[in-house]
Number of protein chains: 2
Amino acid sequence: MQTKKVTVKDIARLSGLSIGTVDRVMHNRSGVAEESRRKVMEAMESLGYTLNTNASLLANKKHYRICCLLPSFESGDYWELVYNAVASAQRDAEGYNLSIETLTYNQFSREEFIEAVERLKADLPQAVIVAPIYRNDTIELGHYLKEKGVPMVFIDSKVSEADYLAYYGIPMWESGYLAASLLLGDEPPQSIVNFRIERGGGIADNPTLARRHGFTDYVSENLPELRIYNEFLRPHDREHNFAVMDKFFAAHPDIRHIVTFNSRVHLIADYITTRGLKGMSVLGFDILGQNIKAVQEGVVKYLIVQRTQVQLRRGVNALAEWLAFGTIPPLKDNYMPMDILVKENINFYSELYKDN
Amino acid sequence: MQTKKVTVKDIARLSGLSIGTVDRVMHNRSGVAEESRRKVMEAMESLGYTLNTNASLLANKKHYRICCLLPSFESGDYWELVYNAVASAQRDAEGYNLSIETLTYNQFSREEFIEAVERLKADLPQAVIVAPIYRNDTIELGHYLKEKGVPMVFIDSKVSEADYLAYYGIPMWESGYLAASLLLGDEPPQSIVNFRIERGGGIADNPTLARRHGFTDYVSENLPELRIYNEFLRPHDREHNFAVMDKFFAAHPDIRHIVTFNSRVHLIADYITTRGLKGMSVLGFDILGQNIKAVQEGVVKYLIVQRTQVQLRRGVNALAEWLAFGTIPPLKDNYMPMDILVKENINFYSELYKDN
DNA sequence: GAAAATTTCGTGTACGTACACGAAATAAGA
DNA sequence: TCTTATTTCGTGTACGTACACGAAATTTTC
């Protein structure tokens, strides 16, 4: 390819028409004779025209705003990962005609979600990224946005019934199934315990539910005899949790396999470290700082994680292409890799965690 | 940030100078009084100027050529992955002022490598990406390129003694160590077999060597009693390989753990499937199509893979930033994630394999 | 067949940055 | 003080695309 880049000017010359006309056919705008359109298309074809993205974006003086609607977070919890990913995407967008904003809401308060949606509507951006919690309200938001012509992409989890442009996340059921195969595949135990962390607001958490289903489906397919104990912990009550676990392990000293389906496996790691328990097989999810530490120390054996940054980047890209060029993503639902982290490889995943 | 993007014009106005002067200080070009430079810097600071990448790249009419120097490949082997990654990066570069070329050489022929280097020198690109095989010749190439001011990045593996801008790849020793922990961690066997695939040219393959060291170091640390058998296969001689394996398993019917350190674990999967062996624990490397299939069918238990596409993308980005803005990558050696693939999660890695 | 309506097209300007060219200002030399 | 170097700066054009405006060509209307 030693030939220079072909430009609209080249195809204008070849087709015997002007830049303006070429431009019109390239944007399927009206006001061009069928004959001319054909000529232009042919010229584009034969010269192998490709758009100069820089020039296009520069000339296209529109400035797009993308708004991310996410649960707010406390330091060290799952949503901080997502927020960091947004911050990172924001920096990437800097210098392009894109800006990324964030709107957060308390995930346990439907009122706050609705209020956040109102704020969104009050100053409507050109595109929206949502990490959905409230199913019905999200569907409604989808309707509203569709009417306004504002595309929405889901990350983290999705609401299938809503109108959305694309989804980027991991398959939740499969992540549970994977968890079971890792934890139980080699030398299946007699029984295991699932520590379930209650959510503050007592709201149905569908993603985690799907994950548990994946796990139990694996069990009933492969280990119908396995006994799964369920014990309930609280997010912020260490004393209570320790009491629960003390009691449980006193009653079941033989149990060595522990699973938890949300991001708080570090609560259990804390207990194990404090009590000095040995020989436990613990599996958890999500690459929180405290979870990383637990894996590095060998307390948690497997951590299944998703690439939040990548998901968000893909989401932003999809929206940017839609906004700038009207491109629709090839796949609507994009199930992205679930990475398996163990002590020996976790250190090389740091980029996923650091906001880099 | 409802304020419009600040441009050079803005900072020219604020500093009371002209666009030209602002431009000069931004590029540290000569011919600007100290006083003026200070004013401009201050204005940039206070207005929070950020470069408009699109305009910059458009106006900067230079067209950069990046050349990738890689081993040639046959369909289905490891280097095809890398080549696909290059092709993908090439498409990404399309439309920007970047073009990516490929120069391949037979990895078993030093002559071909040297010849490829000559071709490279004959039509020197602005930057080079190398997947190195021949250590000394690569060092020499590094010297030459340094002299010419052409930056070089390594992918896949590196030659530490050479002059290079950056390296993107996985840590080989650690990948072997990880392999051992996965294959032997849970219920350590008495003995295992390492099928070693001889390379056509009989050349020292340092990366694979480092990987084997990682494996054996794990073993001597944790399982000093473990017996590792070494058997040698050939890349393209199925009959011979089957004979070797038949003989081996006849002599060692108790062995159920198999490892191989290069990308050809599918050769062993083929054998296992054909002979109908059951209960084998097989671990291999690299996300080749045939390896994926072997994992999906449950013949290979673990596949440790690297994200070739990401490595290449990072390499290209590093070079592009260096070329366009003179930016030096924050880290010289970038050790990237090693992903653990099993039957239950491999399907979601397809993007890494498909050239997408 | 001329005027009006409509379709079809070309020209010009803008986007923000890079850089060449030469003008103005300053310093050096006589 | 006037000329000649040298430093310092402003202006203009280009990059390739987007789009508004209006001119030319075509069709419609009476």
Side-chain angles (χ1 to χ4, degrees), chain A residues 3-41 43-44 47-64 94-99 321 323-326, chain B residues 3-41 43-44 47-64 93-99 323-326:
Chain A
T3 97
K4 289 184 171 50
K5 195 87 174 48
V6 343
T7 74
V8 284
K9 209 182 291 182
D10 295 321
I11 91 146
R13 194 171 331 116
L14 180 66
S15 62
L17 293 160
S18 81
I19 293 188
T21 306
V22 172
D23 181 70
R24 273 180 283 267
V25 349
M26 288 183 47
H27 296 80
N28 319 308
R29 255 179 274 145
S30 63
V32 34
E34 193 45 49
E35 163 98 20
S36 305
R37 156 166 271 107
R38 197 184 44 69
K39 276 193 201 157
V40 169
M41 300 284 256
M44 281 176 50
L47 291 188
Y49 173 80
T50 56
L51 178 69
N52 181 323
T53 314
N54 295 316
S56 174
L57 256 25
L58 176 61
N60 191 356
K61 22 193 164 268
K62 294 190 192 66
H63 188 92
Y64 301 113
E94 191 89 5
Y96 295 84
N97 52 353
L98 246 203
S99 63
E321 298 235 322
L323 290 169
F325 309 117
Chain B
T3 97
K4 289 185 169 54
K5 194 88 173 48
V6 344
T7 73
V8 283
K9 209 181 291 181
D10 296 319
I11 90 143
R13 193 171 332 115
L14 181 66
S15 62
L17 293 159
S18 81
I19 293 187
T21 306
V22 172
D23 181 71
R24 272 180 284 267
V25 349
M26 288 182 47
H27 297 79
N28 321 308
R29 253 178 277 143
S30 63
V32 32
E34 193 47 49
E35 163 96 19
S36 305
R37 155 166 272 108
R38 197 185 43 70
K39 276 193 203 158
V40 169
M41 299 285 256
M44 282 177 49
L47 291 187
Y49 173 80
T50 56
L51 178 69
N52 181 323
T53 315
N54 294 316
S56 174
L57 256 25
L58 176 61
N60 189 356
K61 23 194 164 266
K62 293 192 193 65
H63 187 93
Y64 300 114
E94 191 87 7
Y96 296 84
N97 52 353
L98 244 203
S99 63
L323 291 169
F325 309 117

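- With distances taken from any side-chain atom of A:Lys62 to the nucleotides D:dC19, C:dG10, D:dG16, the minimum falls on D:dC19.
- Nucleic acid contact for A:Asp23: base, since at least one base atom lies under 4.0 Å from a heavy atom of the residue.
- In this entry the distance linking NZ of A:Lys61 with C1' of C:dC15 reads 5 Å, nearest Å.
- Residue B:Asn60 places its side chain closer to C:dA18 than to any other of D:dA18, C:dA18, C:dC9.
- Residue contacts for B:Ser36: at a heavy-atom cut-off of 4.0 Å it reaches the sugar-phosphate backbone alone, with no base atom in range.
- Rounded to an integer number of Å, the gap from NE2 of A:His63 to P of D:dA18 is 18 Å.
- Close to D:dG10, at under 4.0 Å from its OP1 or OP2, lies a side-chain N or O of B:Thr21.
- Comparing B:Ser18 and B:Leu58 along DNA chain D, the residue whose closest nucleotide (by nearest heavy atom) sits nearer the 5' end is B:Ser18.
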After noting the C-alpha distance and the side-chain angles of B:Asp23 and B:Arg29, does the key distance pass the side chain to side chain contact (heavy atoms under 4.5 Å, CB included) rule? CA-CA 8 Å; B:Asp23 181 71; B:Arg29 253 178 277 143; 2.7 Å; yes
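- Counting only heavy atoms from C-beta on, A:Asn52 has its side chain closest to D:dG16 among C:dG10, D:dG16, C:dT17.
- Heavy atoms of B:Leu57 sit nowhere under 4.0 angstrom from any nucleic acid atom.
- Counting to the nearest Å, the P atom of D:dA18 and the OH atom of A:Tyr64 are 10 Å from each other.
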Could you check A:Phe325 against A:Thr53 for side chain to side chain contact (heavy atoms under 4.5 Å, CB included), going step by step and ending with a plain yes or no? CA-CA 10 Å; A:Phe325 309 117; A:Thr53 314; 4.2 Å; yes
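- Side-chain nitrogen and oxygen atoms of A:Thr7 include none within less than 4.0 Å of the OP1 or OP2 phosphate oxygen of D:dC15.
- As a whole-Å value, the separation of B:Met26 CE from C:dG16 P is 14 Å.
- Among C:dT8, D:dC9, D:dT17, the nucleotide with an atom closest to any side-chain atom of B:Val32 is D:dC9.
- A:His27 places its NE2 atom 9 Å from the C1' atom of D:dC19, with the value rounded to the nearest Å.
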For side chain to side chain contact (heavy atoms under 4.5 Å, CB included), just list the numbers for A:Leu323 and A:Lys62, CA-CA rounded to whole Å, side-chain angles, deciding distance to a tenth of an Å, and then say yes or no. CA-CA 10 Å; A:Leu323 290 169; A:Lys62 294 190 192 66; over 6 Å; no
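- Using a 4.0 Å cut-off between a side-chain N of Lys or Arg and a carboxylate O of Asp or Glu, B:Asp10 and B:Lys5 do not qualify as a salt bridge.
- Per the geometry, NZ belonging to B:Lys9 stands 9 Å off C1' belonging to C:dC15, to the nearest Å.
- Looking at the side chain of B:Arg29, the nearest of the listed nucleotides C:dC19, D:dG16, D:dG10 is C:dC19.
- Separating the CE atom of B:Met44 from the P atom of C:dT17 is a distance of 10 Å, rounded to the nearest angstrom.
- In terms of modelled atom types and a separation under 3.5 Å, the side chain of A:Tyr49 and the main chain of A:Ile11 share no donor-acceptor contact.
- Rounded to an integer number of Å, the gap from B:Arg24 CZ to C:dA18 C1' is 11 Å.
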